[in-house]
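Structure first, then comments.
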Amino acid sequence: MKIIASIAAALTVAACAAYAAEPADNWTHMCASCHGKDGAGHTKAGKKLDVKDLTDAAYQKTFKDDDAFGALKSGMKTADGAEKMKPFSDKLSDDEIKALVSYVRTLAK
Ligand code: HEC
């Protein structure tokens, strides 16, 4: 019984590690609460924070990959200093952030 439990635990850890690396899964778990699964931002939190529609190709042109990378790494604040999006540097590696920026680009219609 004990052996089965530890194998199961090991598999779970392996599955989670693989899971966290996938940008689509990171998106679902860390971003969709505000931006929505499809990126349109039609969520409760998204409306409150006034998230822009990431499926809008015109809006996507308003920021560069570097801007998005910086926003995710260091967070985004309004002009008066209120937090809009918290920094993800403690949760995501640079590579994961880059992968998410590429993922965001695929959301534009
Ligand atoms: C707490 C809600 C929240 C979460 C969670 C969140 N965002 Fe945001 N995000 C925002 C808000 C608010 C803005 C700013 C919209 C604006 O005013 O232009 C924003 C802006 C952005 C932008 C545009 C950046 C720019 O330079 O204009 C991108 C890209 C983005 N988010 C991606 C993500 C990704 C990827 C994740 C998950 C790792 C994520 N967001 C998680 C609220 C959130």
Side-chain angles (χ1 to χ4, degrees):
M1 229 13 237
K2 216 174 160 198
I3 295 173
I4 292 171
S6 48
I7 291 172
L11 286 176
T12 310
V13 170
C16 287
Y19 207 63
E22 283 300 322
D25 290 326
N26 283 338
W27 175 263
T28 304
H29 290 108
M30 296 183 198
C31 321
S33 57
C34 290
H35 290 286
K37 183 102 175 90
D38 63 354
H42 296 148
T43 65
K44 226 180 186 176
K47 288 198 181 103
K48 210 171 112 193
L49 291 163
D50 187 29
V51 294
K52 305 289 186 286
D53 183 355
L54 288 170
T55 67
D56 180 354
Y59 170 59
Q60 286 238 13
K61 288 204 183 79
T62 66
F63 61 89
K64 301 218 162 14
D65 286 4
D66 286 352
D67 300 328
F69 181 87
L72 289 167
K73 200 167 165 73
S74 318
M76 256 180 113
K77 289 191 164 50
T78 59
D80 55 11
E83 186 168 83
K84 284 206 219 179
M85 186 162 68
K86 61 179 170 14
F88 286 93
S89 51
D90 55 337
K91 298 199 178 61
L92 296 166
S93 68
D94 285 8
D95 284 346
E96 283 172 322
I97 294 176
K98 275 184 205 139
L100 271 166
V101 173
S102 306
Y103 180 79
V104 164
R105 295 306 188 189
T106 68
L107 299 172
K109 296 207 178 92

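Keep in mind that the numbers below use all heavy atoms, side chains included, and drop hydrogens, waters and symmetry copies. Indexing begins at 1, ligand by ligand and atom by atom, following the structure's order.
Close contacts between ligand 1 and Leu100 involve ligand atoms 38 (C) [criterion: under 4.0 Å to a heavy atom]. Heavy-atom proximity to Asp67, at under 4.0 Å, picks out these atoms of ligand 1: 26 (O). Heavy-atom contacts of Val51 reach the following atoms of ligand 1: 10 (C), 11 (C), 12 (C), 42 (C) (cutoff under 4.0 Å).
Scanning Glu96, Gln60, Met76, Met30 for the heavy atom closest to atom 20 (C) of ligand 1 points to Met76. Comparing Ala68, Cys34, Gly46 against atom 3 (C) of ligand 1, the shortest heavy-atom distance belongs to Cys34.
A salt bridge does not link Lys48 to Asp50: none of the charged nitrogens lies less than 4.0 Å from a carboxylate oxygen.
Residue contacts with ligand 1: Tyr59 is included, with a non-hydrogen atom under 4.0 Å away.
Shortest contact from atom 17 (O) of ligand 1 to any protein heavy atom: Lys84 NZ, 2.5 Å. Looking from atom 37 (C) of ligand 1 to the surrounding protein, the closest heavy atom is Cys31 SG, 1.8 Å.
In this structure, Phe63 and Leu54 have side chains that are in contact, with non-hydrogen atoms separated by less than 4.5 Å. Counting heavy atoms from C-beta on, the side chains of His35 and Val104 never come closer than 4.5 Å. Residues Leu49 and Lys84 are not in side-chain contact: their nearest non-hydrogen atoms beyond the backbone lie 4.5 Å or more apart. Within the 4.5 Å cutoff, the side chain of Val51 has no heavy atoms near those of the Met85 side chain.
Formation of a donor-acceptor pair under 3.5 Å by the Thr28 side chain with backbone atoms of Ala24 is found in this model. Between the side chain of Thr43 and the backbone N or O of Cys34 there is at least one donor-acceptor pair closer than 3.5 Å. Side-chain atoms of Trp27 come within 3.5 Å of backbone atoms of Lys37 as a donor-acceptor pair (strictly under, hydrogens ignored).
For ligand 1, the polar-atom distance check finds no N/O of Ser33 at less than 3.5 Å from any of the ligand's N/O atoms.
Proximity of Leu72 to ligand 1, defined as any heavy-atom pair under 4.0 Å, is confined to the side chain (atoms from C-beta onward). Under 4.0 Å from ligand 1, heavy atoms of Leu49 appear from its side chain as well as its backbone. Contacts of Trp27 with ligand 1, taken as heavy-atom pairs under 4.0 Å, involve the side chain alone.
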inquiry  = For Asp95 and Ser93: C-alpha separation, side-chain torsions, deciding distance, then whether side-chain hydrogen bond (donor to acceptor under 3.5 Å, both in side chains) applies.
reply    = CA-CA 5 Å; Asp95 284 346; Ser93 68; 5.4 Å; no

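Vertex atom 8 (Fe) of ligand 1, arms ending at SD of Met85 and NE2 of His35: the angle is 170° after rounding to 10 degrees.
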